[in-house]
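To start, the structure itself, in structure tokens.
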Amino acid sequence: MGFKKRSTKSEEEVLEGQTDLAADNTVSAPSSKKIKMDGKKDADMGDGVASSSSVANSVKPMERKKKRKQVDKERRRSVLENEESQLKQPIIEPKGKDATEPVAASSSGSLPEFHISVFKDLASADSSVREAAVETMVTELQEVQKAYDRLENKDLVEGGLKLEAQKDDGLDNCASSLGYAVRRLIRGVSSSRECVRQGFALGLTALVAAIPSIKVDSLLKLIVDLLEVSSSMKGQEVRDCLLGRLFAYGAIARSDRLTKEWLSDKNTLLIKEFMSAIISLASKKRYLQEPSVSIILEIIEKLPAEALLDHILEAPGVPQWFEEAIDVGNPDALLLALKIHEKTSIDSKFGKLLPNPFSPSKLFSADYLSSISNCLKESTFCQPRVHSLWPVLVNILLPDTILQAEDAVSASNSLKKHKKGRKSSSSEEEIANNVQSFCDVVIERSLLLSSHDRKHLAFDVLLLLLPRLPSSFIPIVFSSKVVQCLIDILSTKDSWLYKVAQHFLNELLDWVRNDDVRRVAVIVAFQKHSNGKFDCITKTKTVKDLMAEFKTEAGCMLFVQNLINLFLDEVIASEEPSDQSQTTDENSEIGSIEDKDSIGIMGNADFLKGWVIESLPSVLKHLKLDPEAKFRVQKEILKFLSVQGLFSASLGNEVTSFELQEKFRWPKATTSTALCKMCIEQLQSLLANAQKVEEPRSLANGLEPNDLGSYFMRFFSTLRNIPSVSLFRTLSDDDKESVTKLLEMESKLYKEERNFRLGNDANKVHALRYLLILLLLQVLLQPGEFCDAASELTICCKKVFAAPDDLNSSGEDELDGDAAPELMDVLVDTLLSLLPQSSAPMRTAIEQVFRYFCGDVTDDGLMRMLRIIKKDLKPARHQEAGSEDDDDDADDLLGIEEDEDMDEAETGETADSDEQSEDSEAVVGSEGADKDLPEDSDESDGGMDDDAMFRMDTYLAQIFKEKKNQAGGETAQSQLVLFKLRVLSLLEIYLHENRGKCISYLFLCIYDLSDSGKPQVLTVFSNLAQAFVNPHTTEGSEQLGQRIWGILQRKVFKEKKLPKDDSIPLSTLESLLEKNLKLASKPFKRKKSASSLSKKKLTASLTRYKMIVSLAQNSSYWILKIIEARNLSDSELQGVFDLLQAVLEGYFDSKKSQIKSGFLKEIFRRNPRISHQLFGFLLENCGNAKSDFRRVEALDLVIEVLKSQVPMNSNESNRDVSKKFLKSHLQSLGHLIETLVTKMPEKKSRKTEVHKCCDKIFQMITTLDLTKAFLKCLEPGTLSACESQLGTIFLKLKKLK
């Protein structure tokens, strides 16, 4: 309570007199009594606020409390007396604008007035108000002091009534108003209320600077006396007094009085007294040190250098302060010493605080930095603000002039290929050594190994370095320990320092954003010291985003060269946990868990190199350069991947090629086989991507095109012929022969391509060339696996493009006479044999070749592909045997028994082509898919000769062999699924490129293709539909089913070109339609084992059933569309009518029929001829339906037919036709109405449907003026039933009779 009351009283006393004068604003000058009272109050404030030591020690707390209460009562009584006296006295009109303000003046009135209300404005929160109040106060007090100085008899004024009475305060030469103002300002700077301290300090600064009568020594004495700290003060009171002294000393420093005193008297002792006082103040509390030094630094800036030695460094307490700084860890003393040395170049006055003699190299030497490490560590007390010492150290460490020159040189040279050849100047080397020592001792060993606060400080210091840091110094600053600390923090989001590290990372990214040199250096530092796992461990995309920001050729080339150097230098980050880690042991494992598999394969030593290999091609992904520039970047990447992945040096680790005029390097340690394979894979990817974006083959003006594949083959041949260079692995004789053949054939095709220039032939050659190139790499990647395929492919290339003389030149390539297969069959077989084990780039090349040659694919070649798709995934023992009944066959096709679910990862492949992602469109309930009949899978291999069977078995054997050799790999079943997906990509290409060719024969394969009377063309639709319907073809692979579904939709059903000729017999179409209609009406049957299946499997089976029904429905639409396009007569279409009539009959009579009324309705809507022909049969069966549900549901069919045959808005010519049609069926309509009203359904919803149907029928009858004829068709009993059941609907019809 004492503390609270004292604080309140102090705040009142700082703005003393404001309450008393609040009601006296109209009085021009206070009375003598008021002035005395003010003087008494000020005296009390001196006793109460400043509290001299004698009073504090002699007066007991209770007595001091009583005294404060007495002062408060007296002040309130004086206010009341003032108010009463003003009410009794007449109001006198004031003179002048300031007459309304309270003033202070001498009793004789000989001195100007001083309005003490300015003290209220000094405490305003508005800075402009405070500044105006200071200006007013200084102006008035200057006038008062001038008038006071002009008085001859000052005793008269001194003996009169004053504002305050003080003895020996040192203000003898000041007017009483001025003395009062000085004392009040000094007391005011100790107030913590709002902006009082700022305003009163500003006023004191201006007043001391403007009025020389105020002596500095007197001020120093007053500051101590008025703001003395006593033992009875509490914490906040002590803090206020100390801060008040600090602000008062700051006011003296900023007033320039000390500088003026020294200029007038160089032997003055005031500066030493001031220094002694402020050093003493700084020693009292830690938070006072830095602001005290900042005040001293202001004086140092204003004093000449010669004054610093005698008056600053020799001041009492300063030498001892410097001497103790290192032991106690005083960063402010170090800051002061550095600033004084900067101005005076004095070395010997600072003890061990500064090196003697002083130089930057000694300042940043490891020994010296270690000695001042305590000073640097203790600078964290002012966090989150960075101590003023650090910017000073950074300025010395990285001077502007030298760094600007160094950066200019670095920016120009860093983009050159051979940067290491540039010589550094001595100054650059010295700065680099200083930075190295600073980062090693201060950042890494002092701050990062310490507390969280000091880690925070370390990142703040690094941010200070960034704006001045040359790019060449980035590897020094971002050392292993710095990067490891950053990784440790970012890997744990709940870390105390996480936001600090995130802020640092964001600032760093902004710093490097527009500078390729910086970006490259930061990427390399991050990845080098994290073994290539910075993004993985920190769970960010930092490195990935930085790599995507390269926009120029120079930046890309610089990045590529740095990655190559990183790969060759073999500097691997330490795998030991970082000492500075602030996280737990669990956090240090982050990243290693995610990369466990990769690390298990290659190990940490190769992980960084693996990242380099993968990153080189990816830098081209977001790069937008002109073709020439991009080709140059591609060449650099290609050369590195080729050298490191395909070759090794037998002598040393450097080889010079005189033909290429280039030196090639290898790492000192032998590159692992895993890395070599990775290089080959990335090389394949680079070549495949280059093939995608290349323009059509052209040689404008005879210039060499930017053909990356051709460049690679020449580069490969050149290196292969260097004696001291060998392939990274030893090849068998067969593989060597394959490589030689591929090289020779590619060279021949390249010459052919140059001859073709433009056109389809040039594209064919180009596609084959790239397939040869990628196959050569595949031979090196998997030796012994592709020899046969390479041999067959070279034969195909030779026969496709060779001259006639060359066809018979090679006896070993010649096949036996009549037994020789078709060339395209061999090519298709070769492509299919490459698919099972091919990489994604290889598959891209295969698809490109197939795209250009698919127009020449034979029926046999296409059949082989389709039979691969139809190959069962289930063994034969799982399939139903001996069932010849169609119902049983359909049940088998729609059965719900399934094998164990395949692992999701085993069927997850397939971005084999750009269009593949579209195949996963939703299919359940879709009406946009096609469907073929479920043919017996036992006949799927029919028509395939022994050679064809052997070739397909070879493809499958390759899959099984590969999976058998891969322990823990995917199952053979999943690999077969992937193989099917790859073949589907080729089929989709075939359908796209041969839209007009293959549609004419879409259904012929349902029948015996060996029949000589039918074309020998395999249609894709039929086989894909069979594969889709057969549960054993796609079972366990939802993706395969969706892929087939997508192809049927996009490439078959949505195809606008339909066969309009007679190439497909009508009987064939009728048979297909019958089977599709039958399949669409099949119910969903559950087998006996269904009860033991899980809900998930039952749901999947039901979904599959819906998909198959949807396929059958859409196939029916499409078949009818083809039939309709032929414009056949009704007699020719009688078979189609009979099929649909049978379906309608089963719909009404058989409970087993699951045909949907919506399906029949859509058939009638799309085919008006069918609806016209079957309308009478529909009316008859609808009336005779056994089920109310079927009868009411069929009413939609009736209305649909009537809409198409009797349009409501028909013109006059169509009206007669419509009337004739409806009139011919009036009797049947009457019979239907009679059945409906006599057998009205009980359910309300069905009764409503009957009413709606009858109403629409009556409207059509009325529109065609057939009301009378219709009513005649109704029996009397029917009329009365209509009136009772239909009510107003029928009565309305009768009125129109």
Side-chain angles (χ1 to χ4, degrees), residues 282 286-298 300-301 322 325-326 328-343 350 353-355 358 360-366 368-400 402-403 431 433-470 473-474 476-479 481-482 485-486 497 500-501 503-504 507-508 511 580:
R286 184 61 175 273
Y287 60 82
L288 296 173
Q289 283 186 5
E290 189 180 7
S292 298
V293 170
S294 66
I295 293 173
I296 298 174
L297 293 179
E298 287 194 34
I300 290 175
E301 291 297 326
F322 286 148
I326 290 181
V328 300
N330 188 346
D332 302 292
L334 179 59
L335 172 62
L336 180 60
L338 289 172
K339 297 299 287 186
I340 292 176
H341 179 272
E342 179 183 341
K343 189 166 185 178
F350 308 101
L353 196 55
L354 291 183
F358 182 90
S361 59
K362 291 188 176 182
L363 179 66
F364 294 106
S365 65
Y368 173 73
L369 290 175
S370 299
S371 68
I372 63 169
S373 60
N374 283 339
C375 297
L376 302 178
K377 289 179 182 179
E378 293 302 320
S379 65
T380 55
F381 71 85
C382 59
Q383 277 187 346
R385 187 176 53 82
V386 180
H387 196 279
S388 305
L389 170 65
W390 293 105
V392 175
L393 287 175
V394 170
N395 290 340
I396 300 173
L397 179 64
L398 299 172
D400 286 329
I402 296 178
L403 292 181
I431 294 174
N433 292 334
N434 292 344
V435 173
Q436 179 72 59
S437 178
F438 177 81
C439 292
D440 179 46
V441 177
V442 177
I443 301 296
E444 297 176 15
R445 285 194 273 166
S446 295
L447 299 181
L448 291 183
L449 296 181
S450 190
S451 64
H452 286 5
D453 286 335
R454 288 169 184 169
K455 286 187 178 72
H456 186 180
L457 176 61
F459 287 116
D460 289 337
V461 173
L462 291 177
L463 288 178
L464 289 177
L465 289 174
L466 288 184
R468 310 168 67 86
L469 190 67
F473 288 5
I474 292 177
I476 300 175
V477 174
F478 290 92
S479 62
K481 290 185 179 180
V482 171
C485 180
L486 185 63
L497 291 173
V500 174
H503 171 72
F504 172 78
E507 292 295 320
L508 178 64
W511 181 65
Q580 71 277 11

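Remember, it's a predicted structure, so these values are computed and weren't measured experimentally.
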Which distance, rounded to the nearest 0.5 Å, do you find between the [atom1] of [X] and the [atom2] of [Y]?
X: C375; Y: L335; atom1: SG; atom2: CG; value: 11.0 Å
X: K481; Y: L448; atom1: NZ; atom2: CG; value: 8.5 Å
X: L508; Y: I474; atom1: CG; atom2: CD1; value: 8.0 Å
X: D440; Y: S370; atom1: CG; atom2: OG; value: 8.5 Å
X: I443; Y: C485; atom1: CD1; atom2: SG; value: 10.5 Å
X: L363; Y: H341; atom1: CG; atom2: NE2; value: 9.0 Å

With distance as the sole test, does [X] use its side chain to make a donor-acceptor pair with the main-chain N or O of [Y] at under 3.5 Å?
X: N395; Y: P391; result: yes
X: Y368; Y: L353; result: yes
X: W511; Y: L466; result: yes
X: S437; Y: N434; result: no

Specify the closest pair of heavy atoms between [X] and [Y], including all atoms of both residues, with the distance to one decimal.
X: G329; Y: R286; value: O-NH2, 3.8 Å
X: Q289; Y: A282; value: CG-O, 3.4 Å
X: L397; Y: V435; value: CD1-N, 3.7 Å
X: I396; Y: P399; value: O-CD, 3.7 Å
X: T380; Y: R454; value: CG2-CG, 3.6 Å
X: S450; Y: K455; value: O-NZ, 3.0 Å

Query raised in the report: Given the rule in the side chain to side chain contact (heavy atoms under 4.5 Å, CB included) test, do L376 and L393 qualify, once you have shown the distances and angles that lead to the verdict?
Result: CA-CA 11 Å; L376 302 178; L393 287 175; 3.8 Å; yes
With a 4.5 Å heavy-atom cut-off, do [X] and [Y] have their side chains touching?
X: F478; Y: L486; value: no
X: L463; Y: H503; value: yes
X: I326; Y: N374; value: no
X: V477; Y: V482; value: no
X: E378; Y: N330; value: no
X: L449; Y: E444; value: no
X: P331; Y: F381; value: yes

Requested in this report: Run the numbers on K377 and L457 for side chain to side chain contact (heavy atoms under 4.5 Å, CB included), then give the verdict.
Outcome: CA-CA 9 Å; K377 289 179 182 179; L457 176 61; over 6 Å; no
Report summary line: Residue set satisfying side-chain hydrogen bond (donor to acceptor under 3.5 Å, both in side chains) with S388, at least two apart, ordered chain then number -> E290
Requested in this report: Apply side-chain hydrogen bond (donor to acceptor under 3.5 Å, both in side chains) to D453 and list each qualifying residue two or more places apart in sequence or on a separate chain.
Outcome: none
Query raised in the report: Does a salt bridge link E301 with K343, judged by any charged N lying under 4.0 Å from a carboxylate O?
Result: no
Requested in this report: Give the ring-plane orientation class for F364 versus F438, where under 30° counts as parallel, over 60° as perpendicular and anything between as tilted.
Outcome: perpendicular
Requested in this report: If the plane angle is over 60° it's perpendicular, under 30° parallel, otherwise tilted; pick one for F459 and F504.
Outcome: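 It falls in the tilted class, 30° to 60°.
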**Report entry** Full working for side chain to side chain contact (heavy atoms under 4.5 Å, CB included) between I340 and F350
**Finding:** CA-CA 10 Å; I340 292 176; F350 308 101; 3.8 Å; yes
Requested in this report: Walk me through it: do L338 and L334 pass the test side chain to side chain contact (heavy atoms under 4.5 Å, CB included)?
Outcome: CA-CA 6 Å; L338 289 172; L334 179 59; 4.2 Å; yes
